[in-house]
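This report concerns only the one structure given below.
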Amino acid sequence: MATTVTKPNPKVNRLGLQVLDYRGGKTTLCAGCGHNAISERIIDALYEMGVQPERLMKLSGIGCSSKSPAYFLSRAHSFNSVHGRMPSVATGALLANKTMKALGVSGDGDTASIGVGQFIHLMRRNLPLIYIIEDNGVYGLTKGQFSATADIGSKLKTGVINDLPAIDTCALAVQLGATFVGRSFSGDKKQLLAMLKAAIAHQGTVMLDIISPCVTFNDHEGSTKSYKYMQEHEEAISEVGFVPHFEDISIEYDAGSTYDVTMHDGSHLRLRKLHEDFNPTSRVTAVKALMETHERGEVLTGVFYVDTQKPSFTDLLNLVDEPLATLPEERTRPSKQVLQEIMTRLQ
Amino acid sequence: MATGDVALGSAGVETSQPTPGTKEDISGATRKPVINDFNIQVATVNGSGSQSANSVLLRSIFGMGIPVSGKNLFPSNIAGLPTWFTIRASKHGYVARKKEIDVLVAMNAETAKEDILSLPSGAAAIYEDSQNLRQYRDDVVCYPVPFDKLTAAVCPEAKLRKLVKNMIYVGVVAKLISLDMKAVETALRRQFAKKQKAADLNWAAIEAGYNYASESLTKQDPFVLERMHATDGKIIIDGNAAAALGAMFAGVTVVTWYPITPSSSVVEQLIDYLKKYRVEPDGKATFAVVQAEDELAAVGMVLGAGWAGARSMTATSGPGISLMAEFTGLGYFAEIPGVIFDIQRVGPSTGLPTRTAQADLLSIAYLSHGDTKHVMLLPGSVRECFEFAQAAFDLAEHLQTPVFVLSDLDLGMNNWMSEPFEYPKKPLNRGKVLTSEDLTRLGEFARYKDVDGDAIPYRTLPGTDHPQASYFTRGSGHNEKALYTERPEDYQNLMERLNRKFETARTLVPAPVVLQTGKSKVGLIAFGTTDFAVTESRDQLKKEYGVETDYLRIRAFPFTHEVHDFVSSHDRVYVIEQNRDAQMLSLLKLDLPAEDAVRLRSVRHFNGLPIDARSVTDELILQEEI
């Protein structure tokens with residue numbers, strides 16, 4: 001019996017690659033973990049933006065979040081480093097090859113506790129890195145201790161109450177010099193995808209704190225990082241729209257209520273005001289909005305701050321155009337005459 | 001502290017208080033001149049600007065063709081604490097520290113009494129005449145000099161006098177030890193090459209000191225210089241500058257650091273060289289330098305850059321090494337190249353930050369938790385700082401592992417004579433890196449597979465344009481394909497291969513330098529800066545006691561077979577090193593068969609000062625029961 005099956009042409013992006021080409025290994029995280037949803041959005045964003053998988057470096061520290069680079073983009077080089085120190089590894093890697101895109105995945109423990117020093121200096125340098133915090137307020141792999149982003153008064157399953165204030169990684173990032181700062185929620189597909197795509201278009205440090213509930217240790221009543229809490233308390237500062245550079249940008253928007261930011265690659269980030277004093281070019285209003293919302297017990301999401309003018313770290317160093325890693329010997333080893341000249345001066 | 005209880009033989013001893021400048025009655029005429037073989041110590045206050053003056057003295061002696069070495073003994077302080085600079089002229093070419101001071105320039109009132117009391121009998125002392133140091137010693141030739149008065153006369157500007165005063169002593173010393181004033185002027189003009197006015201002012205000060213000494217002091221000590229030709233064609237450089245040059249000629253591209261004494265000048269000097277020689281005509285740099293937030297970040301950046309294919313390095317000292325432990329283990333386990341210079345200082349903890357030691361050996365050899373071991377290169381001269389810096393990058397990329405270069409404060413921060421460095425003969429060894437063409441040809445790639453039987457796998461760099469190029473680098477358990485695993489056999493296979501790779505390293509690292517007569521039953525083993533003292537001590541042992549010794553200088557860990565052969569062919573082998581715990585001896589014991597390990601004996605020196613020949617000789621004579 002012979003049948004003819006007509007296969008539909010698989011959907012491809014502008015590079016001719018399928019979503020399949022952006023997939024990774026099978027996740028080993030818990031079913032329902034927010035991190036898995038974030039991995040899915042990362043895949044979507046890289047696919048839709050048409051990033052060549054081989055041109056991306058994925059880096060992470062240690063923890064549940066830091067395992068997730070194994071679950072997307074198998075065709076990209078990946079580096080699962082040590083706890084809290086991914087920023088330094090990413091810095092070295094990008095100095096070695098500034099032509100690469102780099103995506104770092106960290107967690108709230110990895111960033112706000114053990115790694116807070118490196119996190120701070122990463123923000124200062126404005127390294128061209130997309131830095132994602134998969135933020136659930138607890139340590140998962142060690143079975144549910146509070147992290148430093150847990151809100152004061154929030155409760156563990158065991159009944160332990162957190163009595164120390166949370167570190168607001170977004171406020172820190174804005175103050176320290178990151179040039180693209182936002183917060184999202186793993187359950188907010190539309191907003192997260194738009195923010196990730198804009199992040200890919202940005203040249204400089206992108207700091208995205210993504211609330212990503214831990215279904216095993218921090219999704220109960222009394223947690224401020226649960227799905228329920230986020231569904232009830234998420235408050236967007238703006239509606240995030242993104243038009244990539246390879247698409248028609250003639251879609252109309254209301255200039256009075258929308259900030260249109262032209263990104264480095266020509267894409268457009270469109271932020272429609274939902275808060276009265278929203279201004280993504282002002283650090284002061286960004287931090288003020290974050291503080292005020294937090295005081296009200298709400299979780300502010302959206303893009304808080306964008307600066308497309310500040311030079312990135314690799315720009316500041318005025319490096320040659322090609323990757324330093326593969327410069328030929330003629331360009332990295334000075335000549336015999338140079339050595340003779342130096343020796344003569346030392347005589 | 002010796003107070004000079006040794007009689008001066010036939011020499012007369014001063015008893016009265018002569019007025020400055022009058023003929024002192026100590027010894028002069030009857031003492032045999034000591035030519036080109038003595039030690040000058042200048043005692044000053046940190047931050048007083050004596051460094052230039054001391055450099056001029058050192059360079060003047062060098063300019064007279066006389067082998068010379070200098071050591072700066074300084075405090076961990078910006079200004080105000082005592083500092084000593086010793087300059088040793090040695091016609092035999094000995095450059096180790098010599099304990100006895102022959103000529104003291106006591107410019108620090110705070111330490112002047114202690115300084116003069118520490119002189120051996122028969123030494124000479126130059127000091128500010130108001131100090132009246134003569135009261136403490138009647139067996140030392142005293143040269144009081146009115147420094148303040150002389151300084152005021154040549155330097156009308158009061159705020160410059162503190163600096164200019166130093167050049168007065170240069171002039172006084174020049175006259176007393178017969179320094180060639182042409183050599184002095186050359187050294188001075190070199191020191192102030194870009195500052196004509198400062199050069200002129202300082203030259204006037206030197207002449208004032210010289211003239212004062214000519215008119216008012218009578219030479220009574222025996223220490224004099226005579227022109228030689230032993231420094232012709234030689235250079236003077238510090239070990240840190242030499243290491244920096246080595247790194248530049250190794251084609252380093254990513255440099256990270258966190259400032260720490262005594263390593264900072266490796267990177268500071270490297271930055272100067274790179275800015276001069278590694279900026280392309282369009283103004284763009286073929287290097288990146290990052291001052292990191294701490295040593296953890298510095299080494300993290302080194303590994304990130306090494307992973308992505310750059311020649312990357314950092315320089316640090318003991319406390320930084322401790323902080324780098326975790327990342328170093330990752331570098332070993334995930335097989336990532338990187339070069340780490342450790343300019344050793346005295347530990348533990350903060351220790352004595354401005355004093356020297358060879359005490360990071362054990363902690364680096366096995367740095368980080370779990371089963372780890374690292375390749376260490378041990379330069380014993382400025383020339384080797386230059387050469388081993390290059391070897392370190394080649395080895396790191398070839399072996400795909402962090403490589404440590406262990407210098408120390410003595411080698412790194414002091415000036416040393418050397419033959420000029422030779423231009424590298426071999427091209428850079430970038431190791432086993434697969435391109436996309438290689439991947440297409442091979443059809444498969446397993447990151448951690450031992451393809452060639454030398455336990456060194458192949459790697460790809462991020463950005464390699466091939467769907468099979470990528471792999472997952474991790475510090476957790478991984479199999480040949482770099483996939484996560486906790487399977488017992490996968491872990492064990494990986495650890496066994498890393499062990500075999502270390503055996504491969506054994507065949508690639510610099511072999512030791514062996515000096516043997518074939519007759520002696522006594523062997524000496526040393527490494528790094530201990531070499532200077534051992535070289536001189538071997539001559540002392542032969543000349544003074546008729547004892548011949550064989551000598552092996554270790555230049556790397558893991559040890560090559562020559563080290564085993566040397567130990568097994570001697571009855572007694574003394575391991576001479578600058579630490580308390582006999583760290584090199586411990587490493588050797590772990591590596592040697594038991595029947596050879598028992599031949600090892602220990603000579604240790606760990607007071608923060610560079611080891612000297614006499615200490616080695618005395619200890620060997622004691623242990624040899626001669």
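Everything quoted here is computed from the prediction, not taken from an experiment. Naming convention: chains lettered A, B, ... in sequence-line order (proteins, then strands); numbering from 1 in each chain.
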### Query
With only heavy atoms counted, which part of B:I336 is less than 4.5 Å from chain A, the side chain, the backbone, both or neither?
side chain

Listed pairs under 3.5 Å, donor-acceptor, residues 241-252 of chain B side chains, sequence neighbours left out:
none

#### Entry: Student check: side-chain heavy atoms of B:R278 and A:P334 closer than 4.5 Å
yes

### Task
Answer with side chain, backbone, both or neither: which region of A:S74 has an atom nearer than 4.5 Å to a non-hydrogen atom of chain B?
backbone

### Query
Is the shortest heavy-atom distance from the side chain of B:V290 to the side chain of A:F313 under 4.5 Å?
yes

## Note on the structure
By residue number, those in residues 339-347 of chain A with heavy atoms under 4.5 Å from heavy atoms of chain B are A:L339, A:E341, A:I342, A:M343, A:R345, A:L346, A:Q347

### Residue among A:G25, A:P323, A:A96 with most heavy-atom pairs under 4.5 Å to chain B
A:A96

### Summary
Whatever's closer than 4.5 Å to a heavy atom in chain A on B:E419 counts as neither

### Message
Are there over 12 heavy-atom neighbours, none belonging to B:K275, within less than 6.0 Å of that residue's NZ?
### Response
no

### Query
Quick one: of B:Y273, B:Y484, B:F327, who has the most non-hydrogen atom pairs under 4.5 Å with chain A?
B:F327

### Query
Can you say whether B:Q468 sits under 4.5 Å from chain A via the side chain, the backbone, both, or neither, judging by heavy atoms?
neither

### Message
With a 6.0 Å cut-off (strictly less than), is the heavy-atom count around CD of B:E486, excluding the residue itself, greater than 12?
### Response
no

### Query
With a 4.5 angstrom heavy-atom cut-off, which part of B:R311 approaches chain A: side chain, backbone, both or neither?
neither

### Contact check, side chains of B:L428 and A:R333, non-hydrogen atoms, under 4.5 Å
yes

### Task
With chain B as the partner chain, list the residues of residues 114-124 of chain A whose heavy atoms fall under 4.5 Å from it, by residue number, and write 'none' if nothing qualifies.
A:G117, A:Q118, A:H121

#### Entry: Electrostatic pair B:E293:A:R125 at N-O distance under 4.0 angstrom
yes

### Query
Does A:N318 use its side chain to pair, donor to acceptor, with the backbone of B:G283 at less than 3.5 Å?
yes

## Note on the structure
When the 4.5 angstrom heavy-atom criterion is applied to B:F386 and chain A, the contacting part is side chain

### Task
Quick one: closest heavy-atom pair of B:P462 and A:N97, and the distance?
O-ND2, 3.7 Å

### Task
Would you mind checking which part of B:V302 comes under 4.5 Å of any heavy atom in chain A, side chain (CB onward), backbone (N, CA, C, O), both or neither?
neither

### Task
Could you tell me which portion of B:V289 (side chain, backbone, both or neither) has an atom closer than 4.5 angstrom to a non-hydrogen atom of chain A?
backbone

### Task
Output the option from B:A334, B:G233, B:G63, B:S418 having the highest count of non-hydrogen pairs under 4.5 Å with chain A.
B:G233

### Message
Looking at A:Y47, I'd like to know if its OH atom is crowded, meaning that more than 12 non-hydrogen atoms belonging to other residues, nucleotides or ligands lie closer than 6.0 Å.
### Response
yes

### Task
For each of A:M57, A:R331, A:R55, tally heavy-atom pairs with chain B at distances under 4.5 Å, and name the one with the top tally.
A:R331

#### Entry: Donor-acceptor under 3.5 Å (B:S470 side chain, A:E54 main chain)
no

### Query
Which pair of non-hydrogen atoms, one from A:S78 and one from B:F472, has the smallest distance, and what is that distance?
OG-CE1, 3.0 Å

### Query
What part of A:A90 lies closer than 4.5 angstrom to a heavy atom of chain B: side chain, backbone, both or neither?
neither

### Message
Using every non-hydrogen atom in the two residues, find where A:L319 and B:K284 come nearest and quote the distance to one decimal.
### Response
O-CD, 3.5 Å

### Message
Just verifying a value: how many Å separate A:S66 OG and B:R474 CZ, rounded to the nearest 0.5 Å?
### Response
12.5 Å

### Query
Under a 4.5 Å heavy-atom cut-off, does chain B meet the side chain of A:P69, its backbone, both or neither?
both

### Query
If you count heavy-atom pairs under 4.5 Å between each of B:P427, B:A292, B:S312, B:G475 and chain A, which one has the most?
B:P427

### Summary
Scored by heavy-atom pairs under 4.5 Å with chain B, the best of A:K58, A:M100, A:H83 is A:M100

### Message
Taking every non-hydrogen pair under 4.5 Å, which of B:R59, B:R190, B:K276 racks up the most with chain A?
### Response
B:R190

### Message
Between B:S476, B:G306, B:P424, B:A482, who has the most heavy-atom pairs with chain A when the cutoff is under 4.5 Å?
### Response
B:P424

### Which portion of B:T286 sits near chain A, non-hydrogen atoms under 4.5 angstrom
both

### Summary
In short, A:L317 meets B:A285 closest at the heavy-atom pair O-CB, 4.3 Å

### Task
Among the options B:L461, B:L274, B:L303, B:D232, pick out the one with the most heavy-atom pairs lying under 4.5 Å from chain A.
B:L461

### Query
Got a sec, which pairs hit ring-ring contact (aromatic ring centres under 6.0 Å, His included) with one end in residues 276-311 of chain B, sequence neighbours left out?
A:F79-B:W307

### Message
Under a 3.5 Å threshold, yes or no: a donor from one side chain and an acceptor from the other, between A:H77 and B:T460?
### Response
yes

### Nearest non-hydrogen partners of A:S88 and B:L296, listed with the distance
OG-O, 4.3 Å

